[in-house]
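Here is how names work: the chains are called A, B, and so on, in the same order as the sequence lines, proteins then strands, and each is numbered from 1.
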Amino acid sequence: MSVPLPAGRRPPRSLYLHIPFCHRRCFYCDFPVVPLGDQADGSRSQSIADYLHWLLRDLAAAPAGPPLSTVYIGGGTPSMLSPDQLAQLLAAVRSHWGLAPGAELTLEMDPASFDRQRLEAVLALGINRVSLGGQSFDDAVLEQLGRRHRANQLREACSWLRQAQQQTLLQSWSLDLIVNLPQQSFEAWDWELSQALAQAPPHLSIYDLIVEPGTVFAWRQGRGELLLPDDDQAADRLQHTHQRLQAAGYGHYEVSSWALPGQASRHNRVYWSGASWWALGLGATSGVGTERLARPRTRDAYSEWVQADAGRQGDGPAAGWPPVEDLLLVGLRRREGVDLAWLHQTGLGGLERAWLERVLAGWIERGVVELSAQRLRLVAPEGFSLSNAVLSDLLAALERSEPLAPTGARLG
Amino acid sequence: MTDAPVSRLRNFCIIAHIDHGKSTLADRLLQDTGTVADRDMQAQFLDNMDLERERGITIKLQAARMQFKAADGELYTLNLIDTPGHVDFSYEVSRSLQACEGALLVVDASQGVEAQTLANVYLALGNDLEIIPVLNKIDLPGADAERISTEIEEIIGLDTSNAIHCSAKTGLGVPEILQAIVDRVPAPPDTTEEPLKALIFDSYYDPYRGVIVYFRVVSGRLRKKDKVLLMASKKTYELDEIGVMSPDQKQVDELHAGEVGYLAASIKAVADARVGDTITLASAPAEEPLPGYTEAKPMVFCGLFPTDADQYPDLRDALDKLKLSDAALKYEPETSSAMGFGFRCGFLGLLHMEIVQERLEREYDLDLIVTAPSVIYKVNMADGSTVMVDNPATLPEPQARESIEEPYVKMEIYAPNSFNGTLMELCQERRGTFIDMKYITTDRVTLQYELPLAEVVTDFFDQMKSRTKGYASMEYSLIGYRQNVLVRLDVLINGDKADPLTTIVHRDKAYGVGKGLVEKLKELIPRQQFKIPLQASIGSRIIASESISAMRKDVLAKCYGGDISRKKKLLKKQAKGKKRMKAMGKVDVPQEAFMAVLKLNENK
């Protein structure tokens, strides 16, 4: 069999760095973020300076490991950091683990938080991929989302990124959009897609809106003020998005991710693959051992955690695999799904093909799930739109019976 | 302890509507007589089943013995026998009344007389009990003693000139109540020298000692070493212990006529020592048992199925165990092609059914599907025979039957007169026949209707309460069977007949019910992998149809790679919900859907 042999789980080659600061908290956002106001900037903010101190200590305390092949600096709005601050962070990463040749270094940037000069300064530090939080090309929609930037600023930012890529200063960039917003019509969404395609981003992340508890949107929903599309309308838009982007040459390689050939995010693929990764910063979750290790979500609790250095055992010897259900949960987000033989060889026990066939019969019949000799996968776009329904069926069945074949059992 | 002379014994009970303060008053009596020390006082001492405490109602009755030094300086023994306060348990009420010579009629001074109270007062009067009216909650601002006294006089015809005003909450009037029990409740007749007859008014199952029987000695004596005969079950037992409840069980050597006590005799199930049975001596039995014994008959039936077929043996064991402590529970295995293995169970009423269901889920950790309640139909067959049908799905085919009879009840509803219209409309909708309407006071009426029991065991009570903002109360009793034009209404889910959703309805209502049922099911059954047709049919004729379209979207798009814990939690919850559903063919049906027929009037 031509499958990779995962004798144990290899030590991490990826790092996530969380920068929690934002100018404002957007109305849909429930991430661990710290809003600092519209005028805030990394070079002047004491909060940011203090946080970087703890972040660097968190880094210094992390176990050693091989050089990294992907680094993702997310947030928050990491583009609020000054180039100097970014340089300091990257230097610390280089000296602690080192960077493998050709490593992918992504920085999340918000329109209106940088200009061309700043972009060039950042790229000079080695950042070679940018993820741009655009969300919408309609000022009214941006207003409704609680975003700080406006459509013209987004278009401007896209053009700088496009030019930087043409000049090979930047390897790739991605544009974020949110779909199925309150009061958004099908036509309005289709227009957003046209606007996005006009900017020719190599990568698109399109998130179906989730109203999270504690957000302004949740509060509005509680008051009956949020007119969201119903499930059928929402499904129509997801389907249309898939068709339109596919026609434009984008591959739907993950539930919410589309990319031109060769432009998929290497870092994100690590999460879905079941491989391990480091994570540093407030609220960040690392996946090194069997258990994921989530850091505290407030600044005080995080700084205490760093000082106490408690719980670091979770990032200890990198041999354990997460439970099968976790591997399914992330693995099925990918176009290629889960390799059953590989799953089997993790030593967690494989899922019997016959069992999967029985549990997922209805989905297979509907063409939403594809079960081939070696793979279980969701078929885009419908399969992706129904991923929770399929996964909860799998989880319910896993709990109901004992389907895991002992090591050495045959598959298919 | 037991040398209380018969002349200084008083046996009494408390008749009250739910919430009128019976339990609080009982607690107060125990406290004032020093029976229970203040520090041991849990709120509502007599109601000690979890369920009762949660619902604030008495289901299982209990008894307590108190010592009270009366105005004449003598020590009296007072036995309080608690009565259940729900229509499902009216037989138990009648037995506990029979064990008393007097009753406190507790009426909320701000609310007035309710249907349930009245029914029990009539039972008490029928048993020749001395009734002492007590106006409770007299301390509340809304209390109107005069109006309520007039109401009691007019409705019940009871003299209220010496009614006691009390507040069980503050203790006001409680000494007066104790003195009135001594003064006004007659002592039991002294029949100590006659052969032993003791009336069982309650029992419960104790896993270590077997059934504990509560009884009132009506005549003769019972000693610790006696061998007893239960006259209805015809079983004999060696006594392990006898005693009194003060209110904890305290062993004694002897109990004589007039006294109230308990016995343990390694009795295996409460069905062997049923309420109403007569205890006598095996060596010198009484000639006649005490009158009035009947075996409780189930009135309401439903199917109980485990959601997970593997739990069937657990369900059977749980029912077997419950049966030890619940003589009224009846069950037999039922198999349905749609549901697999389960049980058809009979209950005294809806509350009894809910209690059993809750105990099975809570105490035995079972996930159950409960089908909508049904009554027992008498089917006159074409060949002249008669078949009793307690499961709508087994109603014989039309060509095989001549006619169907269904049980009827006489219903009395008490309510402020402003609700007359809506209550009459409700009874009319439920195929009721108007019998009478009486003004009991200037603004309160009693409505009398005859109604099919099947219409009552659905959501009648809830509807009555919601239409009258909770002000109406009701009471009913079975009056026999009547012939009606009834049909079997089947439901098809995805083309397959769903037995547990089959109902028997009046022909004139069949279309409405069928339409309502498929609409409700459309709401209650979640969207699934494929389109699901829903149909209601009479015989082969489809009378209503709907469909549930296939699910198209169920996804968490933003799933930040690192932190999947929340997504996992959500999926687990979803998976758990799926596990609680019953797979009928290819369709997963949630528990609520099986009760759809009870929910047809919601949101209307």
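Heavy-atom neighbours of A:D230 CG from other residues, nucleotides or ligands within 6.0 Å: above the threshold of 12. Within a 6.0 Å sphere centred on NZ of B:K515, other residues, nucleotides and ligands contribute 12 heavy atoms or fewer. Counting non-hydrogen atoms of other residues, nucleotides and ligands closer than 6.0 Å to CZ of B:F341 gives a total of 12 or fewer.
In terms of heavy-atom pairs under 4.5 Å with chain B, the best-connected choice from A:E325, A:E382, A:H267 is A:E325. Contact tally against chain B (heavy-atom pairs below 4.5 Å) for A:D236, A:V390, A:V270, A:L391: the top residue is A:D236. With respect to chain B, the highest number of heavy-atom pairs below 4.5 Å among A:V179, A:L394, A:L386, A:L395 belongs to A:L386. Of the listed residues (B:A550, B:S549, B:A575), the greatest number of heavy-atom pairs within a distance under 4.5 Å of chain A belongs to B:A575. For the options B:Q529, B:K576, B:K586, B:K553, heavy-atom pairs under 4.5 Å to chain A are most numerous at B:Q529.
Between A:D231 and B:R527 no salt bridge is recorded (no basic side-chain N to carboxylate O distance below 4.0 Å).
For the atom pair CE of B:M551 and CZ of A:R366, the computed distance is 7.5 Å after rounding to the nearest 0.5 Å. Rounded to the nearest 0.5 Å, atoms CG (B:D588) and CG (A:D393) are 7.0 Å apart.
When heavy atoms are compared at a cutoff of 4.5 Å, B:K572 approaches chain A by way of both its backbone and its side chain. With a 4.5 angstrom heavy-atom cutoff, A:F384 touches chain B only via backbone atoms. Only the side chain of A:L238 comes within contact range of chain B, with heavy atoms under 4.5 Å apart.
Shortest non-hydrogen contact noted between A:A396 and B:K578 is CB-CB, 4.3 Å. Closest of all the heavy-atom pairs between A:S387 and B:V555 is OG-CG2, 3.4 Å. The two residues B:K567 and A:N388 come nearest to each other via the heavy atoms NZ-OD1, 3.3 Å. The two atoms that bring B:K568 and A:P323 nearest to each other are NZ-CG, 4.3 Å, heavy atoms only.
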